[in-house]
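Note sheet for the following structure.
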There are 2 protein chains.
Amino acid sequence: MKLTSKGRYAVMALVDLARFDNINPVSLRDISLRQGISLDYLEQIFSKLKKNEIVKSIRGTQGGYVLNKNPNDIKLTNIFHAVDEKVKTVQCKKESKKGCNGKATKCITHNLWDELEIHINTFFENKSLKDLLTNNKETRV
Amino acid sequence: MKLTSKGRYAVMALVDLARFDNINPVSLRDISLRQGISLDYLEQIFSKLKKNEIVKSIRGTQGGYVLNKNPNDIKLTNIFHAVDEKVKTVQCKKESKKGCNGKATKCITHNLWDELEIHINTFFENKSLKDLLTNNKETRV
DNA sequence: TCTAAACTTGACCATTTTAGTCAGGTATGT
DNA sequence: ACATACCTGACTAAAATGGTCAAGTTTAGA
């Protein structure tokens, strides 16, 4: 299962973006400074977000990024999928004709992981960027 | 987030164990052969399961492992915890006095990960080894 | 009592993934 | 024209993963 900093950064950056892009495009530099994420790394992440049509880019001076959809329509599933965070619990090779063990059977626990995957994905499908904006203001420790 | 082969192997091995330990202790060698998991690796895993009192060991010829509890009382949470599969989504340092960013605030998405963690853990707390035994027989592909 | 089966422990390691950095671009508003 | 900001691909140090290897100890049974 992969769920690492890259996905977290993507979400953080998009929440940041969603807050400011009403006025102007938001530069990665600003996000970098506000969120404490390396600029170079952000560029990699936004390249993928753009390919997946979650953000639009505006080049040149005063350029930056803006959301390409309504925050309510950007689900966490979309974000993670875009940055290759695979919510995949184990590598039971589904596509292969053989089972997970190289035998002709599914491994004992196969169904369990399927269930878990559904459980987690449901969570992400029901959460949108908007939910994060309204419920999760940056709070003091 | 960590949820890898080690946890999967642990669950597979315990399901295997639960099926056979009514009669005799089950040797790791047998589990290794049946489940296709390296014997040496199983030893590492069972060492941890034993420390966490999930299994008992019986040394010597005809020895092996047996469950230390009723399958109904062994929740997946216990198993994952035992083998250090941390169902922890991101490294927001909770214990530190500082926030996740090194700033004095929680990061924007902090609550999200907390929610997710609870969501996943709930799943695992409600699943016992017994559930796997009854619902998930090894099935043909 | 001897021996083989099975547990026990700890060191070691190749590969892959992660979380970036670096070095060069290209586009465009002013 | 030039500074700002996007764009792209190569590279890499460190950590995690998924093991292997070696050298034991314990004990049932012949």
Side-chain angles (χ1 to χ4, degrees), chain A residues 1-13 17 20-21 24-33 35-52 54-66 68 80 83-86 88-91 100-102, chain B residues 1-13 17 20-21 24-33 35-52 54-66 68 80 83-91 100-101:
Chain A
M1 168 151 212
K2 280 170 60 186
L3 245 190
T4 64
S5 297
K6 191 185 285 181
R8 177 172 142 240
Y9 286 166
V11 175
M12 286 170 71
L17 184 58
F20 292 95
D21 81 340
N24 286 314
V26 181
S27 72
L28 293 189
R29 189 166 162 281
D30 287 353
I31 296 178
S32 167
L33 290 173
Q35 303 299 329
I37 305 168
S38 135
L39 177 59
D40 286 309
Y41 203 31
L42 273 179
E43 281 173 349
Q44 285 182 44
I45 292 169
F46 272 76
S47 159
K48 293 181 177 183
L49 293 175
K50 192 188 166 189
K51 268 182 201 146
N52 284 265
I54 292 171
V55 297
K56 278 186 296 193
S57 69
I58 293 153
R59 304 187 71 154
T61 319
Q62 303 294 65
Y65 286 91
V66 285
N68 198 16
F80 288 131
V83 298
D84 293 326
E85 290 275 57
K86 296 197 180 71
K88 187 157 192 337
T89 45
V90 266
Q91 301 88 330
C100 319
N101 311 321
Chain B
M1 171 150 210
K2 280 170 61 187
L3 245 191
T4 63
S5 297
K6 192 184 285 182
R8 178 172 141 239
Y9 286 165
V11 176
M12 286 170 70
L17 184 57
F20 292 95
D21 80 341
N24 287 313
V26 181
S27 73
L28 293 190
R29 191 167 161 282
D30 287 352
I31 297 178
S32 168
L33 290 173
Q35 302 300 329
I37 304 168
S38 132
L39 177 60
D40 286 311
Y41 202 30
L42 273 179
E43 281 171 350
Q44 282 182 44
I45 292 169
F46 272 76
S47 159
K48 292 180 178 184
L49 292 176
K50 191 188 167 191
K51 266 180 201 148
N52 283 267
I54 292 170
V55 297
K56 278 186 296 193
S57 68
I58 293 153
R59 304 187 71 154
T61 319
Q62 302 294 65
Y65 286 91
V66 285
N68 199 16
F80 288 130
V83 298
D84 293 327
E85 290 275 57
K86 296 198 177 70
V87 178
K88 188 158 191 336
T89 45
V90 267
Q91 302 87 329
C100 319
N101 312 320

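Below, all heavy atoms of this structure are taken into account, side chains as well, without hydrogens, waters or symmetry copies. Below, chains carry the letters A, B, ... as their sequence lines are ordered, and counting in each starts from 1.
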Within residues 54-61 of chain B, residues whose heavy atoms come under 4.0 Å of DNA chain C: B:S57, B:I58, B:R59, B:G60, B:T61
Within the pair A:K6 and C:dG20, is there a side-chain N or O less than 4.0 Å away from OP1 or OP2? no
So, is B:Y65 close to the C:dA6 phosphate, meaning a side-chain N or O under 4.0 Å from OP1 or OP2? no
Could you tell me if the side chain of [Y] sits less than 4.5 Å from the side chain of [X], heavy atoms only?
| X | Y | value |
| --- | --- | --- |
| B:D30 | B:F20 | no |
| A:V66 | A:L17 | no |
| A:E43 | A:L28 | yes |

For B:S57 and B:Y65, the nearest pair of non-hydrogen atoms, with its separation, is CB-CE2, 3.6 Å
For the residue pair A:I58 and A:P25, what are the closest heavy atoms and their distance? CD1-CG, 3.8 Å
Specify the separation, in whole Å, of atom [atom1] of [X] and atom [atom2] of [N].
| X | N | atom1 | atom2 | answer |
| --- | --- | --- | --- | --- |
| B:Q62 | D:dA28 | CD | P | 10 Å |
| B:L33 | C:dA6 | CG | C1' | 14 Å |
| B:I31 | C:dA6 | CD1 | P | 12 Å |
| B:L42 | C:dT9 | CG | P | 16 Å |
| B:K48 | C:dG10 | NZ | C1' | 13 Å |
| B:L49 | C:dT8 | CG | P | 12 Å |
| A:L39 | C:dG20 | CG | P | 13 Å |
| A:D40 | D:dA10 | CG | P | 16 Å |

Between the base of C:dC7 and the side chain of B:E43, is there a donor and acceptor pair under 3.5 angstrom? no
Any N/O donor-acceptor pair, B:Q44 side-chain to C:dT8 base, under 3.5 Å: no
Counting only N and O atoms by type, is there a donor-acceptor contact under 3.5 Å from the side chain of A:S32 to the main-chain atoms of A:I37? yes
If you assign B:K51 and A:Y41 each to the DNA chain C nucleotide with the nearest heavy atom, which residue ends up on the more 5' nucleotide? B:K51
Choose from C:dA6, D:dT20, C:dA19 the nucleotide whose nearest atom is closest to any side-chain atom of B:S38. D:dT20
Closest listed nucleotide, where the reference is the side chain of A:T4 and the choices are C:dA19, C:dA6, D:dC7: C:dA19
Using salt bridge (Lys or Arg N to Asp or Glu O under 4.0 Å) as the criterion, list what pairs up with A:K6, not counting sequence neighbours. none
